[in-house]
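Okay, so here's the structure we're looking at.
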Amino acid sequence: MQSLSNLESLTHFVPELALASFAVVVLIADLLARGRGSQMAAALALLSLVVVGAIVAAETHDGELLFMGMVRHDAFSQFLKVLIAVCGATTVVVSWRAPEIDGKMKGEYYTLLLFAIFGMFLMVSAANLVLVYIAVEMASISSYLLAGFVTSRTRSSEAAFKYVIYGSVASGVMLFGISLLFGMAGGADIAGMSSRLVGAPNVGVVLALVLVFAGIGYKIASVPFHMWSPDVYEGSPLPVTAFLSVASKAAGFGLAIRFFYDGWASASASVADWPTFVALVSVLTMTVGNFAAIGQRNLKRLLAYSSIAHGGYLLMGVAAMGGGSSEPIAPMLFYLVVYLFMNLGAFYIVLHLSHPSRLGSETIDGYRGLVRRNPWLAVSMSVFLFSLIGLPPFAGFWGKLYLFKSVIDRSLAPGGIAGHNFTWLVVVGLLNSAVSLYYYFSVVKAMLLDAGEEEGQVRAHPAFAVLLLLLLIPTLLLGFVTTSDDPWVRDASLSAASTSLVP
Amino acid sequence: MDVLTLLWLVPLVAMVVVLVAPRSLARIISLIATAITLVLSGVVWSSFDPSVASIQMETRLAWIPALNIQYFVGVDGISITLILLTTVISIIAVIASWNIGEETHREGTEKGYFAMLLLLVSGMLGFFLALDLILFYLFFELTLLPMYFLIGVWGGPRREYAAIKFFLYTLFGSVFMLVAILALYFQSGAAGARTFSIPELAQAGLPVHVLNWLWLGFFLGFAIKVPIFPFHTWLPDAHVEAPTPISVILAGVLLKMGTYGLVRMNVQVLSGASEGWWTFLAVLGVINIIYGSFCAMAQKDLKKLVAYSSIGHMGFVLLATAARTPEGINGAIFQMVSHGLLSGMLFLVVGVIYVRAHHRYIVYPTETELLDLYHIDRSKAGTMGFGGLANIMPVYTGVMTIAFFGSLGLPGMSGFVGEALALLGAWRVYPVFTVLAVIGIVVGAAYFLWTIQRMFLGAKNPDWAGLPDISTRELVTLVPLAALVIVLGVVPRIAIDLTKETVVGLQAVQDAVARLTSF
């Protein structure tokens with residue numbers, strides 16, 4: 001594993017360079033074509049994401065360190081970059097005809113989207129806390145603007161405003177934590193950070209860790225840094241909401257895995273007992289998310305809270321990395337893939353139906369009797385929701401099974417998770433799944449069992465039906481045909497694991 | 001393809017066919033599919049060798065090799081009995097569903113109904129066949145979704161409440177079961193040698209403290225399904241709201257998934273768990289018997305009465321399972337089959353009267369009950385309650401009497417054999433509990449006879465003078481069950497021969513016998 005100089009690094013940095021160039025091209029092309037080809041920006045953005053995604057997917061990697069140790073170039077980041085690019089591409093597709101995306105500002109919208117993706121790419125490949133900060137800011141600032149994109153709507157402005165305030169505070173706090181770590185460890189490299197902190201004052205280490213976690217927790221909407229998410233999800237344009245709930249979360253977890261595994265996994269409990277901390281945050285996150293979701297009548301808010309809960313399940317995996325095990329990484333990555341399909345599916349159906357020409361509603365009440373107005377959409381939505389609950393045989397079940405299995409496996413292994421047994425965490429997680437059943441089913445019940453006030457067919461756009469099918473097939477089959485042990489996940493998780501060997 | 005795979009695959013494929021075929025064909029396709037599964041189960045029966053205790057006709061395919069998850073199905077004496085029960089109950093449920101659209105006032109929804117019914121059948125059969133724990137769990141959960149919709153869409157006035165209650169309770173239980181399954185997997189051996197295979201896990205020889213909490217995990221999952229007191233409260237709600245054929249399946253097969261699970265997992269695989277658990281189970285069994293019977297006696301709604309009587313009768317299965325003597329386990333399985341047939345009959349006869357009278361009150365309910373509990377208009381209260389039906393519907397009265405007498409344990413019918421075997425098996429281990437359990441039989445006789453007296457004898461209620469007698473289609477569903485009840489009551493060895501060797505082969509049973517004979 002070698003550390004490359006700035007110039008050498010550029011050849012391995014092609015996707016990011018391409019992405020940044022494309023962002024500028026989209027902006028300029030839209031300016032030149034303004035008033036004529038109104039969909040040009042979208043087409044270019046889609047093209048750029050397909051091209052960038054293809055470049056990323058085709059890359060080979062030896063885990064090189066780029067830019068003198070700032071950026072990690074490995075299968076783990078490659079995996080998450082593909083995930084984020086896929087999510088970005090579907091976001092472009094659904095933004096195409098979304099009523100909320102103002103016709104005049106298309107170029108700016110897609111440019112911001114590409115820059116947000118650029119930031120997320122950096123987040124999942126950053127090997128140095130300074131770059132982590134820059135990457136988080138890059139992704140966040142673009143996201144703030146995307147969230148507030150519908151300037152004519154108060155809710156959207158309010159969402160963006162909340163997002164900015166919370167986000168700035170969180171990243172400020174994180175920067176403080178980074179500077180503490182930098183001071184105590186004598187450097188900001190993530191890999192092996194805890195070993196350089198042996199002997200540092202324990203209070204300082206714990207404080208710094210909590211402060212840095214504030215920044216990460218904000219990105220993955222973990223309790224108590226989750227407050228922004230329901231309001232932002234509700235107020236943002238729906239394509240942005242879907243994008244944030246999946247891509248931003250994937251990037252956040254990429255960062256969390258990298259930070260805790262590379263920097264802290266092998267830390268002894270005398271330096272910091274972070275696995276217990278993360279486990280507690282995980283319990284709080286899933287419980288608060290699920291219980292808050294029960295009372296929601298607006299589907300965007302409901303999905304926002306449920307998405308908080310899913311962050312909580314994923315955090316179990318982070319906690320289980322304690323003691324230096326890479327085993328939970330593959331299940332977490334698999335869960336993120338499953339989550340991409342099922343969550344995007346649910347959000348996109350909400351998006352599609354919210355169009356005034358279809359249902360014009362985002363509330364559970366508006367979904368009553370949907371099965372008689374469009375059985376295909378109602379059944380697809382039910383499948384996505386069943387999968388989000390984690391009911392077998394849908395993909396969500398397998399995602400949870402592998403994740404929970406890894407936590408139990410680690411707990412029962414000799415030495416446990418840095419001396420802890422987190423089997424109780426799995427019980428809490430499963431009980432939470434039972435709770436989540438209640439609110440997901442309230443939607444299923446409204447769609448399939450309740451009688452609606454209005455009759456008449458709701459038509460789905462043919463292109464949307466195709467997109468839906470592409471999301472539905474993996475949601476149905478992912479667990480049967482592939483597992484978290486398949487090479488495409490295993491390689492990525494092993495590559496994440498191998499980096500920790502760097503002193 | 002092997003016959004066991006076909007057993008669960010045929011209903012699943014038929015479900016897809018029902019969904020794409022025209023609506024008018026839904027019921028005939030379902031009938032054909034369940035008839036095929038009935039024939040297939042007969043084929044399995046004919047090629048089953050009852051003198052062999054181990055798993056037969058097994059199919060093993062690697063499915064998820066990294067975790068050693070297999071597609072692993074097979075039958076032994078215990079599962080084949082329940083598969084035969086399931087295929088019989090399934091085809092009867094389809095026949096009973098023939099006019100489901102009209103009967104539930106949801107004309108035009110037959111496709112969805114039969115599709116869900118077939119999915120349910122597939123899940124139940126798969127559950128009894130599965131010998132890999134992940135497969136076992138998948139099929140266990142697979143029955144949940146169709147049941148939710150069958151109750152929630154085609155049920156009575158409080159159907160949604162009952163459906164979600166059923167779902168939440170069962171899922172809550174299976175959550176603990178899933179943790180126990182994963183833990184069992186990790187305890188089953190060193191990394192690389194771990195397995196989800198039930199026969200192999202039975203040989204694993206785990207330490208008692210591990211077995212103890214695994215036992216509790218599986219117990220919680222199955223206890224809710226059975227249901228064992230105090231997890232039983234979903235059952236009366238689910239039964240009262242479910243349409244008749246679904247009640248038949250629920251009582252006839254779904255409850256048996258719980259007791260089968262107890263025998264398969266807690267007795268066979270976790271037999272080394274501490275003795276205290278079995279006494280605990282026996283106590284709960286006795287509570288089920290006594291509490292369920294007294295609750296049944298207090299009911300005015302005929303369907304609730306039958307539902308609570310189910311809780312009581314399942315108590316015998318629990319008590320006998322807890323004893324783990326050869327007679328006990330044989331009795332438990334026999335009682336499962338017997339109760340499956342009898343409760344199927346009971347719910348069918350309740351359905352017959354409900355379709356005609358649109359209510360199920362044995363006697364006049366009070367005004368408060370009508371308004372608060374059942375949301376029924378006060379003005380209709382005048383047409384409630386039965387009496388003297390024996391003159392109005394003589395054939396129906398005859399069939400109902402068979403079902404009632406079978407259930408109260410009249411010798412010559414399967415209910416007697418089941419209860420007698422169960423008590424016989426329990427006696428050697430829990431004599432005190434066995435004596436207490438007999439109270440349940442007495443109370444059972446009391447409420448069944450009392451119901452016959454109040455509904456069929458005595459003064460005629462003129463409101464119901466014009467009720468038509470039972471129809472041929474309804475008889476077609478009831479007569480085979482009645483015949484089986486009597487045949488099994490007279491020649492019980494048909495069923496016992498199937499299970500006998502397997503039961504003797506169970507490690508837990510051998511341990512229990514060794515323990516008893518060492519006195």
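Scope of the values below: all heavy atoms of this structure, side chains included, with no hydrogens, waters or symmetry mates. Order of the sequence lines fixes the chain letters, A, B, ..., with proteins taken first and strands second; residue numbering starts at 1 for each chain.
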Relative to chain B, which segment of I408(A) carries a heavy atom at a distance below 4.5 Å: side chain, backbone, both, or neither?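 Both the backbone and the side chain of I408(A) come within 4.5 Å of chain B.
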Identify which part of F480(A) has an atom lying under 4.5 Å from any heavy atom of chain B, answering side chain, backbone, both or neither. both
Below 6.0 angstrom between ring centroids: does that apply to Y148(B) and F386(A)?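 When the ring centroids of Y148(B) and F386(A) are compared, they turn out to be at least 6.0 Å apart.
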[atom1] of [X] to [atom2] of [Y]: how many Å apart, nearest 0.5 Å?
X       : Y       : atom1 : atom2 : value
L391(A) : L171(B) : CG    : CG    : 6.0 Å
L449(A) : I151(B) : CG    : CD1   : 11.5 Å
W398(A) : I69(B)  : CH2   : CD1   : 5.5 Å

Could you look at L168(B) and say if it's the side chain, the backbone, both or neither that has a heavy atom under 4.5 Å from chain A? both
Would you mind checking which part of R194(B) comes under 4.5 Å of any heavy atom in chain A, side chain (CB onward), backbone (N, CA, C, O), both or neither? side chain
Is any side-chain heavy atom of [X] less than 4.5 Å from a side-chain heavy atom of [Y]?
X       : Y       : answer
I164(B) : K445(A) : no
V153(B) : L448(A) : no
F172(B) : L437(A) : no
K405(A) : Y185(B) : yes

Over all atoms of both residues, closest heavy-atom pair of [X] and [Y]:
X       : Y       : answer
P393(A) : L138(B) : CA-CD2, 4.1 Å
Y137(B) : P392(A) : CE2-CG, 4.2 Å
A434(A) : V175(B) : CB-CG2, 4.4 Å

Most contact-rich option vs chain A, by heavy-atom pairs under 4.5 angstrom, among L145(B), I134(B), L178(B), is L145(B)
I need the residue from L430(A), V435(A), L401(A) with the largest number of non-hydrogen atom pairs under 4.5 Å to chain B. L430(A)
Selection from T483(A), V426(A), L412(A), D409(A) maximising heavy-atom pairs under 4.5 Å formed with chain B: D409(A)
Using a 6.0 Å cut-off, check whether atom OH of Y438(A) has over 12 heavy atoms from anything other than its own residue. no
Greater than 12 external heavy atoms within 6.0 Å of F291(A)'s CZ: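 12 or below, so no.
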